[in-house]
Amino acid sequence: MGHFGYSKQGAVYSRDRAATALDQTSAITQGHPELAFVARRPNYSGYAPQGHFFGDTEDFTYDANNQIIPWNQNGSDASGTGATGYNRSAYRLIAVPVERYLFATNGNWAFNDQHSAFFEGTYASSKVATNIEPFPLGSDQVYKPSGQVPAGSMISGKLVRNPLIPQYLYERISDTDGDGVPDYFFTRRLSEFGPRHSVVERDTFRLATGMKGSFGQWNYDAYLAYGKTKEAQNSTGQVNVASLRNALEAIPGPDGTPVCANSSAVAEGCVPISLFGYNSITPAALKYVTAPGSLQTAITQKLAGASVTGEVRGLPAGAIGIAAGLEWRDEDSSAVPDPLTQTGQNAGNALPPTYGNFSVREAFIETRVPLLKEKPWARELSFLGTFRHGDYSTVGSTNSWNAGLEWQITPDFKLRGTRAQSTRAPNINELYTAPSQDFPNGLVDPCEGININNTSALGLNCRNAPGVAANMAAHGGVFTLNQADQQGISGYNSGNPDLKAEKGRSTTVGLVVTPRGIPMLRKFTFTADYFLIKIADAIVATDRQYALDQCYNHNNPVFCSFIVRRPASVGNLSAGSIQYSNLSVTNSGGLGTEGVDVSASWADKLGPGDLSARLSWTWLRQLWQKATPEAPENSDVGEVTASNTNAPRNRAGLNLAYKWKQLGVNWVTTYNGPVSLDDQFLKSLNIAPGTVGVGSRTYHDVQLTYDLRKAVQLYLGMDNIFNTKAPPIITGLPGNQPGTETDSSTYDAIGRRYYLGLRVTL
């Protein structure tokens, strides 16, 4: 058997939707919940194509004619009149373009009636090509960490001015770092580089082969498998920091034309660069400082195993079913960034190549034991049990098991219950993922607004943080942040090779009712299942807002290690502002959930055709997590969180399908109940948890099918047919996903859309 598939999805840009066309942020502030869904527009980036430059006490930028003007980031009114900032939403995406290929094949060769060989092969390839806004560069990324750019060079003990420095700036700067050369700061959008173009190509292939067959009442299965995923990320629009430093440090040449001050750099082709004004970077300078980016990753899995299944006769209620097996698995991964990234020379932190490997040997046994059969109040009663032991090279031994009962009371009623322990070892990504840069939004700095005389634990912890005291001194004793500080937060997400396995305990109790004895209900099936799951040492990514709270409100050094503040001001970025809010995968204090799943299904002939219907509903009683073993439980029920958990109290779905001769109709309705904003976020703003949120959303999708002939089907569909709008979870609020101004993992940010297709079976 062979299968080939191809799909291609285009892009949907933020600029094509009124709600997402402009950079914006929530106007919510301390104690003002009514401002949560009020968009402060525009909220442009401080990294603009013409540059923003800072002297000792003044800052300025350029107009469209490259004349010096005052900086006015968001303009003078709500329409952005006179704004000098930059609209990133012009480049951002709601839907990312993706192209995919898939080929799969399998086959069997029977040696005789009892034994056969098999093989499976799969190859999948995907390509994502995206553009985002040009690179935002700050002088602190070029001259780390202070960000002071020299406006000249010392030649033979004498100061030689850089001729590319405007006179206006040169007159307003002095030597602030003691090297004898006046210096300045800047931020600039590298528009001459073009958009940051990224191409990600991922190839996955898997081969498996083995034998299967039977010996009397026993069946066997033995197999070998090998799989590998390779991913190549290539990007443009990056800058070579070492080359840029050489290009920024220019002096007059013999004929007065600017040349690079470093003679060795000149020999290597250095071209002086000017960042002052629109389109000021020449093609030659651009070529010298441009740096391509790349990341090559690979994950390989090797697998071998065997299992047997059969029955042991002898019990009055029937035979005992048994399955047992052994498995060995080995996985390794690698992530190798380009040389500039490895040395930190492309305006980011240095990211070394990472490699990881683990192997595991497992054994399992499963059984089904019939206890009663055809007895009063016990048409059938069976015990189900499993046990699995694993030996990991990373976390050592693990044990998992479950024990359950299935009780068919009458033909119409069945009870089922299970108690289980599950163990999950960290996967290769959680262990060894190389740090990747992120730009979180919506973080609330607990130190903002703290007074120098504040003697609380929060006040003391904030004043002890690098740069905070200097910030207070510059702002009348109050720690003060600006728009650039909020937009200038970065961070790195990384794996953790010291993780240990997580262990979960779960309890489920369910009822299945098929009331065949009641004529009006004989076509119905009803189910109700209660679930309670608790996971100890759950492997989670640390919530950034929680880390800030734990560091400054609770003086927890573990979480303080995730936060890096600027020790001094850098251009328009304030001293003490958060430079990096990092995130790592850790073993938390656990998480848990509890609730009920209910469903009702029906199928029968109706009119000239056949109708089937299924209604499902989930009620969530609890969903909690503990960031550390000592931390209290934090409930996320009915919330949308900063980690993009969307957990309404109620979720429901209705599926209807009608088939009449060649014509078919399928209607799908999904309901997502109301949710409030993350309680940790609201508490950080002195707003009562549960008081700010968004209402429910219901989406309807429909598909029509028509069988042209037995093996050919035409289909036409419409998603979100009533064009239900996504709730405004604006930038700055938990759950926001950049470019969409909502939680696009839950709500439809695109709107009504159509598709047409043809299915052919050969």
Side-chain angles (χ1 to χ4, degrees), residues 364 366-369 371 381-388 390 398-409 413-426 500-513 525-541 543 546 586-601 615-641 643-653 671-676 678-680 689-690 746:
F364 70 90
E366 303 177 4
T367 185
R368 181 185 182 96
V369 181
L371 303 176
L381 177 64
S382 298
F383 168 81
L384 294 86
T386 67
F387 179 81
R388 177 180 288 263
T398 64
N399 293 308
S400 301
W401 55 264
N402 75 41
L405 290 174
E406 283 191 358
W407 181 14
Q408 186 79 46
I409 303 172
F413 294 91
K414 180 168 75 172
L415 287 173
R416 56 195 180 192
T418 302
R419 177 66 172 167
Q421 173 179 292
S422 57
T423 305
R424 188 181 77 85
K500 58 183 180 180
E502 61 181 26
K503 183 180 294 184
R505 290 289 181 93
S506 62
T507 301
T508 60
V509 179
L511 171 67
V512 181
V513 181
T525 298
F526 302 95
T527 69
D529 290 278
Y530 163 83
F531 58 87
L532 173 63
I533 304 169
K534 296 183 179 180
I535 302 175
D537 299 319
I539 300 170
V540 300
D543 180 79
Y546 183 84
T586 61
N587 287 107
S588 69
L591 56 85
T593 185
E594 181 185 16
V596 176
D597 287 325
V598 177
S599 73
S601 58
L615 176 66
S616 59
W617 169 59
T618 296
W619 176 71
L620 197 62
R621 181 176 181 271
Q622 291 189 82
L623 179 64
W624 56 266
Q625 59 180 321
K626 295 173 65 175
T628 65
E630 302 79 20
E633 292 182 1
N634 175 42
S635 175
D636 289 331
V637 173
E639 292 182 4
V640 55
T641 71
S643 58
N644 292 327
T645 297
N646 193 304
R649 183 77 68 179
N650 294 283
R651 269 198 177 106
Y671 168 83
N672 200 81
V675 290
S676 63
D678 185 14
D679 59 352
Q680 298 294 314
T746 303

Quick one, Glu594 with Ile533, criterion side chain to side chain contact (heavy atoms under 4.5 Å, CB included). Give me CA distance, side-chain angles, the key distance, then yes/no. CA-CA 6 Å; Glu594 181 185 16; Ile533 304 169; over 6 Å; no
Run Asn402 and Arg419 through side-chain hydrogen bond (donor to acceptor under 3.5 Å, both in side chains) and show every step you take. CA-CA 6 Å; Asn402 75 41; Arg419 177 66 172 167; over 6 Å; no
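- Summarising the geometry of Asp679 relative to Ser635, their closest heavy-atom pair is OD2-O, 3.7 Å, with the distance given to 0.1 Å.
- With rounding to the nearest 0.5 Å, the separation of CG in Asp597 from CH2 in Trp619 is 12.0 Å.
- The environment of Trp407 atom CH2 is sparse: at most 12 non-hydrogen atoms of other residues, nucleotides or ligands sit within 6.0 angstrom.
- Atoms OG1 and CZ, from Thr398 and Arg424 in turn, are 12.0 Å apart once rounded to the nearest 0.5 Å.
- The heavy-atom pair separating Thr641 from Asp678 by the smallest distance is CA-CB, 3.8 Å.
- In this structure, CD on Gln622 lies 9.0 Å from CZ on Arg649, to the nearest 0.5 angstrom.
- The backbone N or O of Tyr530 sits nowhere less than 3.5 Å from a side-chain atom of Thr508 that would complete a donor-acceptor pair.
- Looking only at distances, a side-chain donor or acceptor of Glu502 sits under 3.5 Å from a matching main-chain atom of Ile539.
- The backbone N or O of Lys500 sits less than 3.5 Å from a side-chain atom of Asn587, completing a donor-acceptor pair.
- Counted by atom type alone, Asp543 and Gln680 present zero donor-acceptor pairs between their side chains at under 3.5 Å.
- The side-chain heavy atoms of Leu623 and Thr645, taken from C-beta on, include a pair separated by under 4.5 Å.
- When the shell of 6.0 Å around NZ of Lys626 is examined, it contains more than 12 heavy atoms from other residues, nucleotides or ligands.
- Checked by atom type and distance alone, the side chain of Arg621 never pairs as donor or acceptor with a backbone atom of Gly595 at under 3.5 Å.
- The closest side-chain heavy-atom distance from Asn672 to Arg651 is below 4.5 Å.
- Among residues two or more places apart in sequence or in another chain, the side chain to side chain contact (heavy atoms under 4.5 Å, CB included) test is passed with Glu366 by Ala323, Phe364, Thr386.
- For the pair Phe531 and Val596, the tightest heavy-atom approach, listed with the atom from each and the gap, is CE2-N, 3.6 Å.
- Closest of all the heavy-atom pairs between Val675 and Ala647 is CG1-C, 4.1 Å.
- The two residues Gly673 and Pro648 make their nearest non-hydrogen contact at O-CB, 3.4 Å.
- Asn399 and Arg388 are not linked by any side-chain donor-acceptor pair at a separation below 3.5 angstrom, with hydrogens and angles left out of the test.
- A side-chain contact (heavy atoms from CB on, under 4.5 Å) with Arg416 is found for exactly one of Leu405, Val512, Leu384, namely Val512.
- Rounding to the nearest 0.5 Å places CG of Leu415 at 10.5 Å from CD of Glu406.
- In this structure, the side chain of Ser400 engages the main chain of Thr423 through a donor-acceptor pair within 3.5 Å.
- To the nearest 0.5 Å, the span separating CG on Asp529 from OG1 on Thr618 amounts to 10.0 Å.
- Side-chain atoms of Gln625 and Asp636 form a donor-acceptor pair, as typed in the model, at a separation below 3.5 Å.
- Between Ala501 and Ala425 the shortest heavy-atom distance is CB-CA, 4.1 Å.
- Taken to the nearest 0.5 Å, the OG atom of Ser422 stands 9.5 Å off from the CZ atom of Arg505.
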